[in-house]
Amino acid sequence: MRIRVEHRTQLEYSADVFESVMDARLGPRTDEHQRWISFDLRVEPVAAVRRYNDGFGNAAHLITVARPHHAIDIVTRGEIETTLADPFQPPRERPTALAPGDIADYLDPSPLVLRADELAAMAEPVRAEPAFDAAQKLMHLVNERFEYRPDVTGVETSVGEVLTHSSGVCQDLAHVLIGLCRAIGIPARYVSGYILAGPDRDAPKRGAAASHAWVEAFTPTHGWRGFDPTNDLLASEHHVKMAVGRDYHDVPPTRGTFRGVADEVLAVAVSTQAVAAPASSGR
Amino acid sequence: MTAEPRSASVPAYAPDGFWDEMFEAPGQVRTHYVDLARRLATLGASDVAKRQRAAELSFQAQGITFSVNQDPSGPEKTMPFDLIPRIVLAEEWARIERGLEQRVRALNLFLHDIYHEQRILRTDLIPAELVLGARGYRREFRNVDVPRDVYTHVVGSDLVRDGAGTWYVLEDNLRVPSGVSYLVENRRVLKRVWPQIFADYRVRPVEGYPQDLLDVLRAVAPGTDDPTVVLLTPGVHNSAFFEHAFLAKTMGIDLVQGSDLFVDDAAVYMRTTRGRRRVHVIYRRVDDDFLDPLAFRSDSLLGVPGMLATSRMGRVTLANAIGTGVADDKAIYAYVPTIIKYYLGEDEILPNVKTYIADDPTERAYILEHIAELVVKSVNESGGYGMLIGPHAPVADHEEYRARIQANPRGYIAQPTLALSRHPTWSRDHLEGRHVDLRPFILFGRDVKVTPGGLTRVALRSGSLVVNSSQGGGAKDTWVLEGTC
Amino acid sequence: MLSRVADDLYWVARYVERGIAVSRLVDVTRHLELDAGSEDFWAPLVGAIDLASDDVRYYLTSDTMNPDSLVSCVRSARTLARGIREAIASEMWEELNTLYGSLATPTTARAVRGEGVSFARLVRERLQAFQGLAEATLAREEEWQFLEIGKFVERADDVARVLNRQSHLLAATGGSAEPGGSDVVRWLAVLRSCGSAEAYARYYSLRVEPVRLLEFLLLNPVFPQSVRFSLASACAALDAVAALRSAAGNDPGPAVRTLGRARAQVELTAIDEVFDRGLEPFLTNIQVLIAQASDELSATFLRDEPIPGRLVGVARATMIMAAQQQQQ
C-alpha cells in the first residue's frame, strides 16, 4: 500500500526565545516492511537542519535556531510503500537470531519500562505458548484490560503508573505490552509511527490524527512483527514506522531545549492518506 | 653508587615483612636508593622536617587543593606531600610501559568492537550481559567512527606491588582519571625545596605532560588545520577543579563550563566577547550522564544540548569518547587478560589481581564466605568509596557488605587483600613504612605514550591500605631513572 | 575571551570599587557621628535611613544581609575571582583571598566592633592594592579592559548616587547664599565620601560651595573621581573591546551608545544648566543610563545574546520543550 503522510509540529512561545535545539525522530525509515519513497522536512523560521543516524539506527534530525524567535513550525511530508499485507504469514526464510546487543536492548528493563511483578504475573499464563501466539494474546489482554484515556498520563509516564491507572494513551498501552512480552522472554521494542485513517471496516480506529505508537515483538517463527494494543491489531500495511527503540524515551518524535523565559504551547497534527501507486511502466 | 649496607645512620627503619621499595632488608638499602639514603642520613631530622614543611607551604600558597569527602562546599585541603621520592629503575619501567601500552591498545579495540559489531559478544569469552548491562555502556554512541579509532585518549591505570615485589594492575580508570596535575606539581615543588637530591640521579622529566596531552587532543580534531581545543569542567564546586584549571592553563586552552557552549548547525560553539567561536575538540571532565540534557540526564546543567548528536556526526571530538566507562567497570577489569588475548593475540605483560565477580553465583558464594579476608569493591565507584577491606573492618561492616552483595551482585567484585609494598615516609620526625601504589598516565593519540613516572599515592595512616587523597592519602614524587638501553 | 570570564571580571571590578566607596562612607560616618545634630544628614548620606549609628556602622561593614556591605563586597569579589583565576595574576587573586580569609579572624572582628574605621581602612587598602596590581601586571588586553569598564562604571554610579542623595541640600543653596557652618561640614562630608576633599582644596582652596563641589565631582575632566572622568574612561575601555568585536564581524551593540549618551551629558552640560534642569533629575538620568548601559553590556559582550538590547530574564536557564506525547 502506498501512503502519504504529513506531520506538523508547532511550538509557540509567549516571549522570544533563542538557541533552540531540537532532536527529532520523524523518519524516514526503510526496513523489511516498508520503503520510504520520499521524505521532506521543512522548518519555519529558517533553521539549521542536519540529518544523522542515532545509536539505534534510526534516522534523526538535529534542528537548531540560534537567533531570537517566538515559534517553530516543523513539517514533514513523506510517501511510503508498505509491504506487509499479511502479518500472520511467517517470512519465507527463517529469521536469524537477534544479536546480543539487540537482545539486551529489547529484553532488559528500559527507562520507561521497568520490571514489575504485576507484569510478570499478568503474562505468566501464556508463557508456555509459542511466542507468536503469546504475543497476540498479550496484545488482546492489554486492549481489554486497559482503557484508552488521553488525560491521565504524561510524556514521561512509566509503566508502573499506567498499571495503577489501568488507562493511558497508545504510548502507555505500548509500554505495558512491551513489559508483558519481556516478562516472558519475548524481545519487544517500541515503534513510533503513523496509522492510516480510513472508513473501511478493517482499518484501525485510533491513532490517525496524531503520531501513533505500538509494539514490535521478535519471535523465532516470524521475526519482528508489530502488535498494536490500542487497536487490537497486528501491524500491517496500514502502519508506517518512523523510528524504533526500547521505549518512548529513545524515540520521541521531537525533544528539545531553548534558552529564555517563556511559556510553550505545543500543537501536533498528522494526516495520512492512501494513494494510488503510480502505474508501472510495463515489464 | 656503592652497595654498602646502611648502618644506623639512617634511623632504624623496619620493613616489617612487607616488600619495601627502598630497603631490601633491615638496614640494607636497595642499590638504586643508596645515594638518596646517604642524603637522608646526612640531613638530620630537623632539616628534613623543615623541607617537608616548605613543600607543604608551597602547595598551600598556590592553592593546590581538592575537596574532601566528595563535598565540594566543604573545606579545601592541600594534597599531603611526602618528601621522599619513590624511585623506579629504567628496566623495570620499560616493562611497565610495554604492559600499559598493550593494555590500552587492547581496551581501545574492545571499546571499538563493543560499539560496532560486538564480535566478542558472539563468543563465550565474556558474558554479554556483563558488558551490555554495565552502567557505563552507552548504546546511544553505537556505530560512530571516532577519529583514529581512539576512544581512550587519557587512561590512568593503578599499579601495585605485592609481597613478592611483583607488579600488578589493580584497576583501569578510563572515564575522567585525575591526579596528573599533582604529578607535575610534586616534581616542581621537590625540585624547589630539595634540589640536591636530583644531583645524584638522572630522572626522566614529567613536565611535558600538558604538551603531550595537547598534542593528543589536536591529533583527534575533526578535519581542520588549526583546531580549537577546550577543557570542559563541571565548575569550581567540583573536587578536581584545581586540576582542570591547572591543565587548561598549562596547555594554553580555554577552561569552559557547559553554559559557555552551545550547539548550532551541528557544531559546538563557545561564547566569547567577540561573538561565537567554533570548538573542535573537548577534553571533557564531565561524566557521560551529564554531557547532554537531550540525550542523557535531562536535569543536567553541566552539559550542552545537542552534544551527542554533534559528536555522532563527527563534528566535534570528545576526549575521552562517550561510553568508555564500560571498561572502567571493575567487573570488566577482570576480563582484561581475555580481552588482550582476543584482540592482540598476546598474553598480558602485566598481570591482573585475582578478581571474584559477585555476579557469578559460584564466585559470589566464595566472596560471601571469605569476606573477612577479601577487599570488596563496588564496580563503578572510585576514590576509595564503596570499598570494604575485610581484614581491617569490623564484623558489622562485613555483614553490611554481605547484604549489599546479595541485593545487587552485579554491583560488586572482590579481590584478595594484597600485602601492598611500602615506602619510607616521613612521619613527624622519622621514617616509617607506608603502603603505596602507583598511577601512571597513558596518552593515546597518534600513538601510545606513558608518562615516565606517575602519581605514587601513599596511605598516610599507619597500617592503612587506602591511598586515595579523598580519604586522607598523600602523594610522593615518582622518579623513573634514565636507562642505558 | 570567554563571555562568562569577561562578565565575572567586570563584576569583580565593580565589587572591588564598591568596597572602596563603602569604606569611605564608613570613614565619613565616623567623623560625622562626633558632631551633634547631624544624624539627619549622614544617615541618608549612606542610604541607611532610620538606623542608629552603631547599626549604621554594622550595616556598612559587616551586615551580610546588606549586599553592599564591606564584607559582602569582598566576599562577592573573591567568589567570582576564584572561578577566573586564570584570567587575573596570581598576586591579585591572593590579595582577595587573603583579605577574605582575614574577615573571619578575631583581630578583624575586634576591629569591626571597635570604631570600624580601621577595619574600613584595612579593606580599602587591600582593595586598592588589588587595583594597583592589576594596573601594574595586566597587559592592556581584554581582561584589563573589562576590569577598567567595571571599575569606572561603578565609580561613576557611586559618585552620582552620593550626590543624588544630597541633591536637596546642594541644590537648595545652589549659587548664591552664604554657607552656614553646619552646611560646610556636610559638604565636606560629601567630598570625603568620594575621597576628594584634599583634591578639591587644591582646586578651590577652602571655599566649599555646592556649585564648585558639584562641578568638581560631576564635570571635572581630569579628576579621577569625577563622574565625567569615570564615564570617559569607561567609554574608552568599552570602545577598545567593541572594536575587537566589530573586527570579528559582530555588532558591538547599544551599550556603547548608551554609555556614550551618559558621557555626553556630563561633557556637554555646564553647571548652570545642571541646576536649571534640576540637579536631582539630572543625576537620576545619569544613573538610569549607567544601569541601562550595564545591562546592555552584559547582554552583548557577556552573554552573547543575539539581540543585545533585549533582556532575556534568566541568563543561563534552559527550558525543556514539551516532547510530543503520542496521543492516539
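Naming: A, B, ... by sequence-line order, numbering from 1 per chain. Hydrogens, waters and symmetry mates are skipped; everything else that's a heavy atom, side chains included, is used.
Not one N or O on the side chain of Asp359(B) forms a donor-acceptor pair closer than 3.5 Å with the backbone of Pro409(B). With hydrogens and angles disregarded, a donor-acceptor distance shorter than 3.5 Å links the side chain of Asn320(B) to the backbone of His153(B). Between the side chain of Gln10(A) and the backbone N or O of Ile72(A) there is no donor-acceptor pair closer than 3.5 Å. Between the side chain of Asp263(A) and the backbone N or O of Ser14(A), no donor-acceptor pair lies under 3.5 Å. Side chain of Asn352(B) to backbone of Tyr333(B): a donor-acceptor contact under 3.5 angstrom is found.
In this structure, the portion of Arg312(B) lying under 4.5 Å from any heavy atom of chain A is its side chain and not its backbone. Proximity to chain A is absent for every atom of Glu117(B), based on heavy atoms less than 4.5 angstrom apart. Residue Arg138(B) does not touch chain A at all, counting heavy-atom pairs closer than 4.5 Å. When heavy atoms are compared at a cutoff of 4.5 Å, Ala128(B) approaches chain A solely by way of its side chain, counted from C-beta outward. Contacts between Arg51(A) and chain B at a heavy-atom distance below 4.5 Å involve the backbone alone (N, CA, C, O).
Ranked by heavy-atom pairs shorter than 4.5 Å toward chain A, the options Asn143(B), Ile114(B), Leu308(B), Leu132(B) are led by Leu132(B). Heavy-atom pairs under 4.5 Å with chain B were tallied for Asp105(A), Ile103(A), Asn53(A), Asp108(A); the largest tally goes to Asp105(A). Per-residue heavy-atom pair counts under 4.5 Å with chain A were compared for Gln118(B), Arg122(B), Glu140(B), Met313(B), and the maximum is reached by Met313(B). Ranked by heavy-atom pairs shorter than 4.5 Å toward chain B, the options Asp23(A), Val49(A), Val65(A), Asp54(A) are led by Asp54(A). The candidate from Val144(B), Asp265(B), Val131(B), Val263(B) with the greatest count of non-hydrogen atom pairs under 4.5 Å with chain A is Asp265(B).
Residue pairs satisfying the salt bridge (charged side-chain N to carboxylate O under 4.0 Å, His left out) criterion with at least one member in residues 183-192 of chain A, sequence neighbours excluded, are listed as follows: Arg189(A)-Glu216(A).
Closest heavy-atom contact between Phe227(A) and Ala135(A): CZ-CB, 3.5 Å.
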